[in-house]
There are 2 protein chains.
Amino acid sequence: MNLKELATRLGLSPTTVSRALNGYPEVNEATRERVMAAAKRHNYRPNTRAIRLATGRAMAVGHVIPLATRHEIVNPIFADFIAGAGETYSRNGYDMILSVVPDESEDQAYRDFKSRGSADGVILHAPRMDDPRIPLLHEIGMPFVVHGRATGATLPYSWVDVNNRRAFQRATEFLLDLGHTRIGLVNGLEFMDFAIRRRKGYTDALTARGLPIDPSLMSSDEMTEVSGYRAAVTMLAGPNPPTAFLVASMISGMGVRRAIEERGLKMGRDISVIIHDDDLSYMKNGGDVPIFTATRSSVREAGRIAAEMLLDIIATTPDQPRERLLEAELIIGQSTGPAPGRA
Amino acid sequence: MNLKELATRLGLSPTTVSRALNGYPEVNEATRERVMAAAKRHNYRPNTRAIRLATGRAMAVGHVIPLATRHEIVNPIFADFIAGAGETYSRNGYDMILSVVPDESEDQAYRDFKSRGSADGVILHAPRMDDPRIPLLHEIGMPFVVHGRATGATLPYSWVDVNNRRAFQRATEFLLDLGHTRIGLVNGLEFMDFAIRRRKGYTDALTARGLPIDPSLMSSDEMTEVSGYRAAVTMLAGPNPPTAFLVASMISGMGVRRAIEERGLKMGRDISVIIHDDDLSYMKNGGDVPIFTATRSSVREAGRIAAEMLLDIIATTPDQPRERLLEAELIIGQSTGPAPGRA
DNA sequence: TGCGCCATCCAAAGCGGTTTGAGCGTGATT
DNA sequence: AATCACGCTCAAACCGCTTTGGATGGCGCA
């Protein structure tokens, strides 16, 4: 059933039927109702392909996922972000299109979205320092919202981000207050913007208390269980091991815990651990009393917010970029306690 | 730059240019090369919206993700599957479109794909027993491939699946060979098809050795860290606790490990654990010697295979359904050893 | 009575490709 | 020399919708 058929069935022109369905004012209310009823009865759905061609809009938002040839990996955080964003898209009649490409052709993927007209805007994931994709998107004139921020970017851009610096600063202060002075940082890859900010929060807090920055207590790697484990093993084996860890994710936190327990120590008593918790749906940080003390911020919620921002930008093309900084909450769990020999 | 412009620039008709670019035989080779060169020079990309309308094909594959209102969750396995499938799609010029919807409107999502013409086929995720989506897709005439199988389905369908029964049977036998006779099953939700098959593999192996099936050693829940932990805690607290666990996923395996270590036991020595490892990119099971002994099967690879199968079905509309059963390998890690009081 | 103004509806022209059905030279065939 | 087939190219229709720019007719008002 298409527009034309529906129109002839009703003895009306396609024009009128289209207008009736799309709520234009120049159609009689009685006619409109008749059309609506008929549309429902015949289960008419306008063909999206035709709408897209006619209106020149794709009614779709693109997400480019570079394929893990080297560092980056399809990470679990991405899945939750997508879920949040996707929810917003379908509520607004937009499609979400994912483009999984080898990372050397990421640029081309964005260009194609534009030149082939398959997306009205994109979300930029995992921004790095001086991210080259920002000037690229400016150049090709594609609306976008960054999930995170890009330190060093000179062009304006819209973003949604967690206050990573502040979160890690607070977490560090919390550990310091508990008497810990040797705190290991198990960070994500430090060419990623969020990791840079987290380190800053950590060092800022230490410096503010007059404590030295010890490079041997700072590691940076992918946020996997194994790399969390390795980093903790290394630090714990040092001459002057940390009594606490600040860890970039729940998953690497599990590796850290494994390293701690393997040494016969108990997390929360002998060694304190604070993780950053993205509040992933399949990786809940306990229930009643969380396993990990954590800085928590829902990445799914961030997805929702970023998607709303993008749709708004597509609809209104504002000349000022939009910005939204989300604060992480510090939630207390079982993994932290006073520094040994203090309490 | 569109077709018409390119055509006038070349002094040719749109027809000829279109044919030249699409490899039709009735165009002079010299002309074709001239056209190709010009297309590249002007960076011409055909507008997908127009192609889609003209050809009647969407050049896109849909994936419906029901939003976790109750049980189902956006699981990490999904992310890797998507990555594998997406890779195949973009290599073949297809788009991947994700539709995130409340689970009560999942049906409508499939219907919309069809009636609005936005997808040429879909992948069906997480099939359950007697899955109603299979008759639905048959009814609306949408090509599809199931990731997994649907016990109880009467209509034919194409699928890609891991031999879950066999994997868990082998794993159980392996534990039995090590002298374990009390083996706890920490399974996924048992209305999911894969979980049913895994349980069957487990019970089959026990029965074959004349061992009883003890319901108190079988649990079924979401595959999260916390639920793995809870299940293991419960079983270990029983009067006659298991000496080994068979666990549905890496994540729940971590919960099981936590429960074991919390009791002061050591995994691999006091208690053996075998997990199913989906070989997720951000959740690698160790390196040199894997942490967990595991039945392993790459879900990403499954994504690739399922996508290829679907594209083939879309292209050829075979009348026989296609089927592909992948075998999981049993890899030995550090988490298994002889039953206590044996070796 | 005549005029202008709404309210309502419609014909037709896009949107940017693909595809059908001809047309037009040219060289081979009869 | 007339015919034919073939190789190449093109004009135009079409995909299913939106949108522009009229038409038409009824009504109020002078």
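Source: prediction; values computed, not measured. Chain letters run A, B, ... following the sequence lines, proteins first, then strands; residues in each count from 1. These numbers come from the heavy atoms of this one structure, side chains and all, not from hydrogens, waters or symmetry mates.
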Roughly how many Å is it from [atom1] in [X] to [atom2] in [N], rounded to a whole number?
X: B/Arg116; N: D/dC15; atom1: CZ; atom2: C1'; result: 17 Å
X: A/Leu3; N: C/dC15; atom1: CG; atom2: P; result: 19 Å
X: A/Glu5; N: D/dC17; atom1: CD; atom2: P; result: 9 Å
X: A/Leu53; N: C/dC15; atom1: CG; atom2: C1'; result: 4 Å
X: B/Arg52; N: C/dG17; atom1: CZ; atom2: P; result: 13 Å
X: A/Met59; N: D/dT18; atom1: CE; atom2: P; result: 11 Å
X: B/Arg57; N: C/dT18; atom1: CZ; atom2: P; result: 10 Å

OP1, OP2 of [N] versus side-chain N and O of [X]: anything below 4.0 Å?
X: A/Tyr24; N: D/dT19; result: yes
X: A/Thr55; N: D/dT18; result: no
X: B/Ser18; N: C/dT18; result: yes

Please walk me through it: do A/Leu310 and A/Val61 pass side chain to side chain contact (heavy atoms under 4.5 Å, CB included)? CA-CA 9 Å; A/Leu310 180 57; A/Val61 172; 3.4 Å; yes
Is the closest side-chain donor-acceptor distance between B/Thr15 and B/Ser18 under 3.5 Å? no
How does protein reach along nucleotides 7-14 of chain C, written 5' to 3' as B (base within reach of a heavy atom under 4.0 Å), S (only sugar-phosphate), or - (no contact)? -BBBBB-B
Using a heavy-atom cut-off of under 4.0 Å over every strand shown, decide if B/Ile51 touches base, sugar-phosphate, or nothing. sugar-phosphate
Candidate pair A/Ile305 and A/Leu326, rule side chain to side chain contact (heavy atoms under 4.5 Å, CB included), full reasoning: CA-CA 10 Å; A/Ile305 293 171; A/Leu326 307 168; 3.8 Å; yes
Less than 4.0 angstrom from a charged side-chain N to a carboxylate O is my criterion; do B/Asp193 and B/Arg149 meet it? no
For the pair B/Arg52 and B/Asp95, find out whether any cationic side-chain nitrogen is under 4.0 Å from an anionic carboxylate oxygen. yes
Selection residues 53-64 of chain A - residue pairs positive for salt bridge (charged side-chain N to carboxylate O under 4.0 Å, His left out), sequence neighbours left out: none
Taking only residues two or more places apart in sequence or in another chain, which ones pass salt bridge (charged side-chain N to carboxylate O under 4.0 Å, His left out) with B/Glu106? B/Arg133
I need the residues from residues 40-49 of chain B with at least one non-hydrogen atom less than 4.0 Å from DNA chain C; give them sorted by number, or say none. B/Tyr44, B/Pro46, B/Asn47
Which pairs with one or both residues in residues 94-143 of chain B pass ring-ring contact (aromatic ring centres under 6.0 Å, His included), sequence neighbours excluded? B/His63-B/His125, B/Phe78-B/His125, B/Phe81-B/His125, B/His138-B/Phe144
Less than 3.5 Å apart, which donor and acceptor atoms pair up between the side chains of residues 315-325 of chain B and the rest of the protein, not counting sequence neighbours?
unit_1: B/Thr316; atom_1: OG1; unit_2: B/Asp312; atom_2: O; d: 2.9
unit_1: B/Arg322; atom_1: NE; unit_2: B/Asp312; atom_2: OD2; d: 3.0
unit_1: B/Arg322; atom_1: NH2; unit_2: B/Asp312; atom_2: OD2; d: 2.7

